[in-house]
Amino acid sequence: MISALMPTYNRADLAFERGEGCWLYAADGRRFLDFGAGIATSSLGHGHKQLTAAIADQAAKVMHVSNLYRVPQAEKLAARLVEATFADSVFLCNSGAEANEGMIKMIRRAQYETGHPERYRVICFEGAFHGRTLAMLSATGNAKYLKGFGPEVDGFDHVPFNNLNALRDAIGPQTAGILIEPVQGEGGVRPAYLQFLRDLRTTCDEFGLFLGMDEVQCGVGRTGKLFAHEWAGITPDVMSVAKGIAGGFPMGAILARENVAKHLTAGSHGTTFGGNPLACAAANAGLDVVLAPGFLADVDRRARIFWRGLSAVVAEFPQVFEDVRGAGLLLGLKCVVPNTEVQQAFTNEGLLTVGAGDNVVRFAPPLIVSEAEIAEALAMVRRAALRCIPSPAPVAAQ
Ligand SMILES: *Cc1c(COP(=O)(O)O)cnc(C)c1O
(Lines give C-alpha, C1' and ligand atoms only; values in the text may rest on other atoms or scores of the structure.)
Protein backbone atom coordinates (compact mmCIF):
# COMPACT_ATOMS: atom_id res chain seq x y z
CA MET A 1 0.00 0.00 0.00
CA ILE A 2 1.24 3.51 -0.75
CA SER A 3 2.59 5.52 2.17
CA ALA A 4 0.44 8.41 3.37
CA LEU A 5 3.35 10.73 2.59
CA MET A 6 3.73 10.45 -1.15
CA PRO A 7 6.82 8.36 -1.91
CA THR A 8 8.60 10.80 -4.25
CA TYR A 9 11.85 10.54 -2.26
CA ASN A 10 14.10 7.63 -1.34
CA ARG A 11 14.46 8.76 2.25
CA ALA A 12 17.19 7.62 4.60
CA ASP A 13 15.71 5.94 7.67
CA LEU A 14 16.69 8.82 9.95
CA ALA A 15 14.48 11.34 11.72
CA PHE A 16 15.95 14.31 13.53
CA GLU A 17 14.47 15.74 16.69
CA ARG A 18 16.56 18.85 17.01
CA GLY A 19 19.65 20.58 15.81
CA GLU A 20 22.31 22.84 17.21
CA GLY A 21 24.75 24.63 14.95
CA CYS A 22 26.17 22.05 12.51
CA TRP A 23 24.84 19.09 14.50
CA LEU A 24 21.61 17.16 14.13
CA TYR A 25 20.28 14.84 16.82
CA ALA A 26 18.31 11.77 15.73
CA ALA A 27 15.36 10.34 17.61
CA ASP A 28 17.46 7.27 18.50
CA GLY A 29 20.07 9.37 20.29
CA ARG A 30 22.75 9.43 17.60
CA ARG A 31 24.20 12.77 16.54
CA PHE A 32 25.34 13.73 13.06
CA LEU A 33 27.56 16.42 11.65
CA ASP A 34 25.32 18.04 9.04
CA PHE A 35 27.44 18.77 5.95
CA GLY A 36 24.38 18.66 3.70
CA ALA A 37 22.52 21.49 5.46
CA GLY A 38 19.21 20.35 4.00
CA ILE A 39 20.68 20.66 0.49
CA ALA A 40 22.69 23.85 0.94
CA THR A 41 19.78 25.54 2.67
CA SER A 42 20.29 25.68 6.46
CA SER A 43 23.14 28.11 5.94
CA LEU A 44 23.12 29.42 9.52
CA GLY A 45 23.01 25.90 10.92
CA HIS A 46 20.30 24.72 13.28
CA GLY A 47 18.76 26.65 16.14
CA HIS A 48 20.57 29.88 15.27
CA LYS A 49 19.55 32.30 18.03
CA GLN A 50 19.00 35.48 15.99
CA LEU A 51 17.19 33.59 13.26
CA THR A 52 14.81 31.69 15.53
CA ALA A 53 14.15 34.83 17.59
CA ALA A 54 13.35 36.85 14.45
CA ILE A 55 10.95 34.14 13.26
CA ALA A 56 9.26 33.74 16.66
CA ASP A 57 8.87 37.51 17.13
CA GLN A 58 7.45 38.04 13.66
CA ALA A 59 5.15 35.01 13.89
CA ALA A 60 3.63 36.42 17.07
CA LYS A 61 3.02 39.81 15.40
CA VAL A 62 1.77 39.02 11.89
CA MET A 63 2.75 36.26 9.47
CA HIS A 64 0.80 36.94 6.34
CA VAL A 65 -1.13 39.85 4.89
CA SER A 66 -0.76 39.26 1.08
CA ASN A 67 0.84 41.54 -1.45
CA LEU A 68 -2.27 43.73 -1.57
CA TYR A 69 -0.60 45.78 1.18
CA ARG A 70 2.81 47.20 1.88
CA VAL A 71 5.11 44.79 3.69
CA PRO A 72 7.85 46.79 5.46
CA GLN A 73 9.95 43.65 6.10
CA ALA A 74 9.90 42.93 2.35
CA GLU A 75 10.79 46.53 1.48
CA LYS A 76 13.72 46.35 3.86
CA LEU A 77 14.93 43.01 2.48
CA ALA A 78 14.67 44.19 -1.13
CA ALA A 79 16.53 47.43 -0.36
CA ARG A 80 19.35 45.47 1.28
CA LEU A 81 19.64 43.08 -1.67
CA VAL A 82 19.67 45.99 -4.12
CA GLU A 83 22.33 47.72 -2.03
CA ALA A 84 24.53 44.61 -1.94
CA THR A 85 24.26 43.50 -5.59
CA PHE A 86 23.96 44.48 -9.26
CA ALA A 87 20.16 44.48 -8.94
CA ASP A 88 17.84 47.48 -9.08
CA SER A 89 14.71 45.62 -8.04
CA VAL A 90 13.66 42.37 -6.35
CA PHE A 91 10.63 40.08 -6.65
CA LEU A 92 10.08 37.85 -3.62
CA CYS A 93 8.61 34.36 -3.90
CA ASN A 94 8.78 30.98 -2.21
CA SER A 95 11.13 28.56 -3.92
CA GLY A 96 13.89 28.13 -6.44
CA ALA A 97 11.68 26.80 -9.21
CA GLU A 98 9.24 29.67 -8.73
CA ALA A 99 12.09 32.18 -8.89
CA ASN A 100 13.39 30.59 -12.09
CA GLU A 101 9.94 30.63 -13.69
CA GLY A 102 9.63 34.33 -12.93
CA MET A 103 13.11 34.97 -14.26
CA ILE A 104 12.27 33.33 -17.59
CA LYS A 105 9.02 35.32 -17.77
CA MET A 106 11.01 38.51 -17.15
CA ILE A 107 13.55 37.71 -19.86
CA ARG A 108 10.79 36.97 -22.39
CA ARG A 109 8.74 40.01 -21.45
CA ALA A 110 11.73 42.34 -21.65
CA GLN A 111 12.51 41.13 -25.20
CA TYR A 112 8.83 41.48 -26.13
CA GLU A 113 8.56 45.02 -24.83
CA THR A 114 11.76 46.15 -26.53
CA GLY A 115 10.72 45.23 -30.04
CA HIS A 116 11.62 41.54 -30.13
CA PRO A 117 8.47 39.48 -29.51
CA GLU A 118 10.03 36.69 -31.58
CA ARG A 119 12.80 36.22 -29.02
CA TYR A 120 11.50 33.78 -26.45
CA ARG A 121 14.03 30.94 -26.39
CA VAL A 122 16.56 30.52 -23.60
CA ILE A 123 19.82 28.60 -23.90
CA CYS A 124 20.54 26.27 -20.97
CA PHE A 125 23.38 23.87 -20.21
CA GLU A 126 23.81 20.14 -20.06
CA GLY A 127 24.02 18.97 -16.46
CA ALA A 128 21.89 21.87 -15.24
CA PHE A 129 19.18 21.75 -12.61
CA HIS A 130 16.53 24.46 -12.46
CA GLY A 131 13.62 22.87 -10.60
CA ARG A 132 10.59 20.62 -10.99
CA THR A 133 7.80 22.75 -12.44
CA LEU A 134 6.82 21.89 -16.00
CA ALA A 135 8.81 24.71 -17.58
CA MET A 136 11.84 24.19 -15.33
CA LEU A 137 11.88 20.49 -16.21
CA SER A 138 12.37 21.59 -19.80
CA ALA A 139 15.00 24.14 -18.78
CA THR A 140 16.77 21.37 -16.86
CA GLY A 141 16.46 19.10 -19.87
CA ASN A 142 17.25 15.89 -17.96
CA ALA A 143 15.42 12.97 -19.65
CA LYS A 144 15.06 11.14 -16.32
CA TYR A 145 13.07 14.01 -14.80
CA LEU A 146 11.00 14.68 -17.94
CA LYS A 147 9.86 11.10 -18.52
CA GLY A 148 6.13 10.60 -18.63
CA PHE A 149 5.16 14.19 -17.98
CA GLY A 150 3.91 14.94 -21.48
CA PRO A 151 5.22 17.32 -24.11
CA GLU A 152 8.13 19.50 -23.08
CA VAL A 153 7.55 23.21 -22.61
CA ASP A 154 8.93 24.84 -25.74
CA GLY A 155 11.62 27.48 -25.60
CA PHE A 156 14.73 25.87 -24.10
CA ASP A 157 17.85 24.83 -25.99
CA HIS A 158 20.75 22.94 -24.46
CA VAL A 159 24.47 23.14 -25.08
CA PRO A 160 27.50 21.61 -23.33
CA PHE A 161 28.62 23.39 -20.16
CA ASN A 162 31.76 25.55 -20.41
CA ASN A 163 31.81 25.42 -24.22
CA LEU A 164 31.67 28.88 -25.80
CA ASN A 165 31.67 27.73 -29.43
CA ALA A 166 28.68 25.46 -28.85
CA LEU A 167 26.92 28.30 -27.04
CA ARG A 168 27.50 30.79 -29.84
CA ASP A 169 26.40 28.26 -32.45
CA ALA A 170 23.10 27.79 -30.63
CA ILE A 171 22.15 31.49 -30.74
CA GLY A 172 19.41 32.12 -33.28
CA PRO A 173 16.91 34.85 -34.18
CA GLN A 174 14.54 33.57 -31.47
CA THR A 175 17.08 33.50 -28.67
CA ALA A 176 16.12 35.77 -25.77
CA GLY A 177 18.72 34.90 -23.19
CA ILE A 178 21.01 32.46 -21.43
CA LEU A 179 20.37 30.67 -18.15
CA ILE A 180 23.33 29.30 -16.18
CA GLU A 181 24.26 28.10 -12.70
CA PRO A 182 27.72 29.58 -11.98
CA VAL A 183 28.32 26.37 -10.05
CA GLN A 184 26.17 23.42 -11.12
CA GLY A 185 24.95 21.83 -7.90
CA GLU A 186 22.70 18.82 -8.55
CA GLY A 187 24.53 18.11 -11.80
CA GLY A 188 27.74 17.24 -9.96
CA VAL A 189 29.18 20.33 -8.22
CA ARG A 190 30.75 21.66 -11.41
CA PRO A 191 31.87 25.29 -11.50
CA ALA A 192 31.71 27.28 -14.70
CA TYR A 193 35.11 28.56 -15.74
CA LEU A 194 35.35 32.21 -14.72
CA GLN A 195 36.43 33.08 -18.26
CA PHE A 196 33.37 31.25 -19.59
CA LEU A 197 31.12 33.45 -17.43
CA ARG A 198 32.92 36.55 -18.74
CA ASP A 199 32.50 35.31 -22.29
CA LEU A 200 28.78 34.77 -21.69
CA ARG A 201 28.47 38.38 -20.57
CA THR A 202 30.21 39.66 -23.71
CA THR A 203 28.17 37.34 -25.92
CA CYS A 204 24.89 38.52 -24.38
CA ASP A 205 25.90 42.14 -24.96
CA GLU A 206 26.93 41.37 -28.55
CA PHE A 207 23.63 39.68 -29.47
CA GLY A 208 21.23 41.69 -27.29
CA LEU A 209 20.47 38.75 -25.01
CA PHE A 210 19.74 38.75 -21.29
CA LEU A 211 22.07 36.85 -19.00
CA GLY A 212 20.17 34.95 -16.30
CA MET A 213 21.96 33.33 -13.39
CA ASP A 214 20.47 30.56 -11.30
CA GLU A 215 22.16 31.11 -7.94
CA VAL A 216 19.54 29.15 -6.04
CA GLN A 217 22.21 26.82 -4.65
CA CYS A 218 25.52 28.65 -5.02
CA GLY A 219 24.30 32.10 -3.92
CA VAL A 220 23.98 33.95 -0.61
CA GLY A 221 27.53 33.43 0.62
CA ARG A 222 27.91 29.76 -0.28
CA THR A 223 31.09 30.32 -2.34
CA GLY A 224 32.64 32.93 -0.06
CA LYS A 225 31.27 35.87 -2.04
CA LEU A 226 27.68 37.01 -1.62
CA PHE A 227 26.99 35.62 -5.11
CA ALA A 228 29.11 33.17 -7.09
CA HIS A 229 29.20 35.25 -10.30
CA GLU A 230 31.16 37.92 -8.40
CA TRP A 231 34.24 35.67 -8.68
CA ALA A 232 34.16 36.32 -12.45
CA GLY A 233 33.88 40.08 -12.00
CA ILE A 234 30.74 40.25 -14.13
CA THR A 235 27.07 40.85 -13.43
CA PRO A 236 23.99 39.11 -14.81
CA ASP A 237 20.85 40.96 -15.93
CA VAL A 238 18.64 38.84 -13.72
CA MET A 239 19.26 36.21 -11.06
CA SER A 240 17.27 33.69 -9.06
CA VAL A 241 17.99 32.96 -5.41
CA ALA A 242 16.37 30.62 -2.89
CA LYS A 243 17.77 27.77 -0.74
CA GLY A 244 20.01 29.56 1.76
CA ILE A 245 18.45 33.01 1.59
CA ALA A 246 16.32 32.67 4.73
CA GLY A 247 18.46 30.17 6.65
CA GLY A 248 16.09 27.29 5.96
CA PHE A 249 12.79 29.15 5.96
CA PRO A 250 11.15 28.73 2.52
CA MET A 251 11.82 31.75 0.32
CA GLY A 252 12.89 32.61 -3.20
CA ALA A 253 13.80 35.86 -4.92
CA ILE A 254 14.41 37.27 -8.37
CA LEU A 255 16.96 40.06 -8.51
CA ALA A 256 16.99 42.11 -11.68
CA ARG A 257 18.38 45.16 -13.37
CA GLU A 258 15.87 47.89 -14.11
CA ASN A 259 15.95 47.28 -17.88
CA VAL A 260 14.59 43.77 -17.26
CA ALA A 261 12.50 44.34 -14.16
CA LYS A 262 10.55 47.36 -15.41
CA HIS A 263 8.54 45.29 -17.90
CA LEU A 264 6.82 43.24 -15.20
CA THR A 265 4.21 45.85 -14.38
CA ALA A 266 1.36 45.60 -11.85
CA GLY A 267 -0.74 42.55 -12.57
CA SER A 268 1.77 40.83 -14.87
CA HIS A 269 3.20 38.47 -12.25
CA GLY A 270 2.26 37.47 -8.75
CA THR A 271 2.39 35.14 -5.76
CA THR A 272 0.18 34.77 -2.70
CA PHE A 273 2.75 33.78 -0.09
CA GLY A 274 5.82 35.43 -1.63
CA GLY A 275 7.52 38.07 0.49
CA ASN A 276 5.30 37.62 3.53
CA PRO A 277 6.42 39.26 6.80
CA LEU A 278 7.51 35.96 8.36
CA ALA A 279 9.74 34.81 5.49
CA CYS A 280 11.21 38.31 5.17
CA ALA A 281 11.99 38.46 8.88
CA ALA A 282 13.90 35.19 8.48
CA ALA A 283 15.75 36.44 5.40
CA ASN A 284 16.65 39.74 7.07
CA ALA A 285 18.06 37.83 10.04
CA GLY A 286 20.04 35.68 7.61
CA LEU A 287 21.44 38.73 5.85
CA ASP A 288 22.46 40.21 9.21
CA VAL A 289 24.84 37.27 9.57
CA VAL A 290 26.05 36.91 5.99
CA LEU A 291 26.60 40.65 5.43
CA ALA A 292 28.36 41.22 8.76
CA PRO A 293 31.86 42.62 8.16
CA GLY A 294 34.38 39.84 7.59
CA PHE A 295 31.87 36.98 7.47
CA LEU A 296 32.24 36.13 3.78
CA ALA A 297 36.03 36.42 3.87
CA ASP A 298 35.99 33.94 6.73
CA VAL A 299 33.73 31.56 4.77
CA ASP A 300 36.34 31.72 2.04
CA ARG A 301 39.17 31.05 4.52
CA ARG A 302 37.44 28.05 6.09
CA ALA A 303 36.39 26.73 2.66
CA ARG A 304 40.02 26.70 1.53
CA ILE A 305 40.98 24.67 4.61
CA PHE A 306 38.22 22.19 3.77
CA TRP A 307 39.33 22.05 0.13
CA ARG A 308 42.94 21.32 1.12
CA GLY A 309 41.77 18.60 3.50
CA LEU A 310 39.61 16.95 0.87
CA SER A 311 42.44 17.14 -1.68
CA ALA A 312 44.68 15.29 0.78
CA VAL A 313 42.01 12.59 1.21
CA VAL A 314 41.75 12.21 -2.57
CA ALA A 315 45.52 11.79 -2.80
CA GLU A 316 45.45 9.25 0.02
CA PHE A 317 42.57 7.16 -1.39
CA PRO A 318 42.81 7.08 -5.20
CA GLN A 319 40.89 3.76 -5.18
CA VAL A 320 37.88 5.61 -3.73
CA PHE A 321 38.07 9.22 -4.95
CA GLU A 322 38.96 10.78 -8.28
CA ASP A 323 39.00 14.48 -7.49
CA VAL A 324 37.63 17.34 -5.44
CA ARG A 325 35.62 20.03 -7.18
CA GLY A 326 33.35 22.99 -6.49
CA ALA A 327 33.71 26.42 -4.94
CA GLY A 328 33.66 27.75 -1.40
CA LEU A 329 31.54 25.62 0.89
CA LEU A 330 29.89 23.83 -2.04
CA LEU A 331 32.36 21.04 -2.65
CA GLY A 332 32.12 17.60 -4.18
CA LEU A 333 34.15 14.43 -4.18
CA LYS A 334 33.99 12.64 -7.50
CA CYS A 335 33.99 8.97 -6.56
CA VAL A 336 35.58 5.95 -8.17
CA VAL A 337 33.28 3.54 -6.31
CA PRO A 338 29.51 4.26 -6.40
CA ASN A 339 28.75 7.58 -4.65
CA THR A 340 25.78 5.98 -2.87
CA GLU A 341 28.20 3.58 -1.11
CA VAL A 342 30.49 6.43 -0.11
CA GLN A 343 27.61 8.52 1.15
CA GLN A 344 26.33 5.60 3.24
CA ALA A 345 29.81 5.11 4.69
CA PHE A 346 29.88 8.82 5.61
CA THR A 347 26.49 8.51 7.29
CA ASN A 348 27.71 5.46 9.22
CA GLU A 349 30.56 7.61 10.55
CA GLY A 350 28.09 10.32 11.55
CA LEU A 351 28.58 12.70 8.62
CA LEU A 352 25.60 13.80 6.53
CA THR A 353 26.19 14.70 2.87
CA VAL A 354 24.12 14.90 -0.31
CA GLY A 355 24.54 12.93 -3.51
CA ALA A 356 24.95 14.73 -6.83
CA GLY A 357 25.13 13.79 -10.50
CA ASP A 358 28.29 12.44 -12.15
CA ASN A 359 28.96 10.06 -9.20
CA VAL A 360 29.74 12.91 -6.81
CA VAL A 361 29.16 13.24 -3.07
CA ARG A 362 28.35 16.83 -2.20
CA PHE A 363 29.35 18.83 0.87
CA ALA A 364 27.40 21.98 1.67
CA PRO A 365 27.88 22.59 5.39
CA PRO A 366 26.26 25.52 7.16
CA LEU A 367 28.24 28.69 6.42
CA ILE A 368 28.92 29.01 10.16
CA VAL A 369 30.87 25.71 10.23
CA SER A 370 33.98 25.97 12.41
CA GLU A 371 37.52 24.88 11.62
CA ALA A 372 37.22 22.23 14.34
CA GLU A 373 34.07 20.85 12.72
CA ILE A 374 35.80 20.79 9.33
CA ALA A 375 38.65 18.81 10.91
CA GLU A 376 36.13 16.44 12.49
CA ALA A 377 34.35 15.96 9.15
CA LEU A 378 37.67 15.23 7.42
CA ALA A 379 38.46 12.57 10.03
CA MET A 380 35.08 10.98 9.32
CA VAL A 381 35.71 11.14 5.56
CA ARG A 382 39.04 9.39 6.04
CA ARG A 383 37.58 6.64 8.25
CA ALA A 384 34.75 6.10 5.76
CA ALA A 385 37.20 6.01 2.84
CA LEU A 386 39.09 3.15 4.51
CA ARG A 387 35.87 1.13 4.48
CA CYS A 388 35.19 1.96 0.83
CA ILE A 389 38.47 0.67 -0.60
CA PRO A 390 37.46 -2.12 -2.99
CA SER A 391 38.89 -5.46 -1.94
CA PRO A 392 41.56 -6.63 -4.41
CA ALA A 393 40.49 -9.10 -7.06
CA PRO A 394 41.43 -12.66 -6.08
CA VAL A 395 44.77 -13.75 -7.54
CA ALA A 396 44.35 -16.60 -9.99
CA ALA A 397 46.00 -19.85 -8.88
CA GLN A 398 49.19 -20.71 -10.75
C1 LIG B 1 17.31 23.44 -5.72
C2 LIG B 1 17.50 24.19 -6.98
C3 LIG B 1 16.41 24.68 -7.72
C4 LIG B 1 14.99 24.39 -7.35
O5 LIG B 1 14.65 24.98 -6.12
P6 LIG B 1 13.30 24.53 -5.37
O7 LIG B 1 13.25 25.43 -4.19
O8 LIG B 1 13.46 23.09 -5.03
O9 LIG B 1 12.19 24.76 -6.32
C10 LIG B 1 16.69 25.43 -8.84
N11 LIG B 1 17.94 25.68 -9.24
C12 LIG B 1 19.01 25.22 -8.56
C13 LIG B 1 20.38 25.57 -9.03
C14 LIG B 1 18.84 24.45 -7.41
O15 LIG B 1 19.89 23.97 -6.77
Side-chain angles (χ1 to χ4, degrees), residues 6 8-9 11 36-43 91-107 122-142 144-146 149 153 156 158 161-162 177-192 197 211-223 227-229 236 238-255 271 273-275 279 282-283 286 325-332 353-358 360-365 367:
M6 210 174 280
T8 53
Y9 280 90
R11 296 168 191 268
I39 318 183
T41 296
S42 308
S43 44
F91 181 88
L92 297 171
C93 55
N94 306 283
S95 72
E98 188 189 3
N100 280 334
E101 290 270 343
M103 174 159 66
I104 299 298
K105 283 176 73 175
M106 250 181 234
I107 287 173
V122 172
I123 301 177
C124 305
F125 294 90
E126 290 169 10
F129 183 80
H130 298 301
R132 300 287 197 150
T133 57
L134 283 170
M136 286 311 111
L137 285 179
S138 292
T140 295
N142 183 325
K144 192 175 79 182
Y145 298 151
L146 281 158
F149 294 125
V153 172
F156 300 97
H158 291 87
F161 195 54
N162 277 331
I178 295 171
L179 173 59
I180 186 166
E181 295 159 84
V183 183
Q184 287 189 341
E186 305 300 310
V189 195
R190 243 183 316 228
L197 294 177
L211 181 56
M213 297 263 176
D214 179 343
E215 293 228 19
V216 167
Q217 184 155 166
C218 59
V220 202
R222 177 69 34 205
T223 66
F227 290 103
H229 66 260
V238 54
M239 172 172 76
S240 58
V241 181
K243 291 196 166 78
I245 192 176
F249 198 89
M251 167 170 263
I254 311 166
L255 280 65
T271 168
F273 289 120
R325 48 166 78 165
L329 287 176
L330 181 57
L331 296 178
T353 53
V354 190
D358 202 24
V360 165
V361 177
R362 180 172 18 163
F363 301 90
L367 303 183

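Along the sequence shown, the residues carry numbers beginning at 1. Just so you know, ligand 1 is whichever comes first in the structure, and atom 1 is the first atom listed for that ligand. What you see below is based on every heavy atom in this structure, not just the backbone, and it leaves out hydrogens, waters and symmetry mates.
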- Item | Leu211 CG to Ile123 CD1 distance, which is reported to the nearest 0.5 Å |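 These two atoms lie 11.0 Å from each other.
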- Message: Does Glu186 form a side-chain hydrogen bond (donor to acceptor under 3.5 Å, both in side chains) with Gln217? I'd like the steps, not just the answer.
- Response: CA-CA 9 Å; Glu186 305 300 310; Gln217 184 155 166; 3.1 Å; yes
- Query: How about Tyr145: does its OH atom have over 12 heavy atoms from other parts shown lying under 6.0 Å from it?
  - Reply: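 More than 12 within 6.0 Å, yes.
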- Thr140 (side chain) donor-acceptor with His130 (main chain) under 3.5 angstrom: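 Flag set: sc Thr140 to bb His130 pair under 3.5 Å.
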- Item | Contacts of Glu101 that satisfy side chain to side chain contact (heavy atoms under 4.5 Å, CB included) - sequence neighbours left out |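 Glu101 satisfies side chain to side chain contact (heavy atoms under 4.5 Å, CB included) with Thr133, Ala135, Met136 once adjacent residues are dropped.
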Give me the pairs of N or O atoms, one from ligand 1 and one from the protein, that sit under 3.5 Å apart.
| unit_1 | atom_1 | unit_2 | atom_2 | d |
| --- | --- | --- | --- | --- |
| ligand 1 | 7 (O) | Gly96 | N | 2.8 |
| ligand 1 | 9 (O) | Gly96 | N | 3.4 |
| ligand 1 | 9 (O) | Ala97 | N | 2.8 |
| ligand 1 | 11 (N) | Phe129 | O | 3.2 |
| ligand 1 | 11 (N) | Asp214 | OD1 | 3.3 |
| ligand 1 | 11 (N) | Asp214 | OD2 | 2.7 |
| ligand 1 | 15 (O) | Gln217 | NE2 | 2.7 |
| ligand 1 | 15 (O) | Lys243 | NZ | 2.7 |

- Going by atom types only, do Thr271 and Glu98 share a side-chain donor-acceptor pair under 3.5 Å?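 Yes, because at least one side-chain N or O of Thr271 sits under 3.5 Å from a partner of the opposite role on Glu98.
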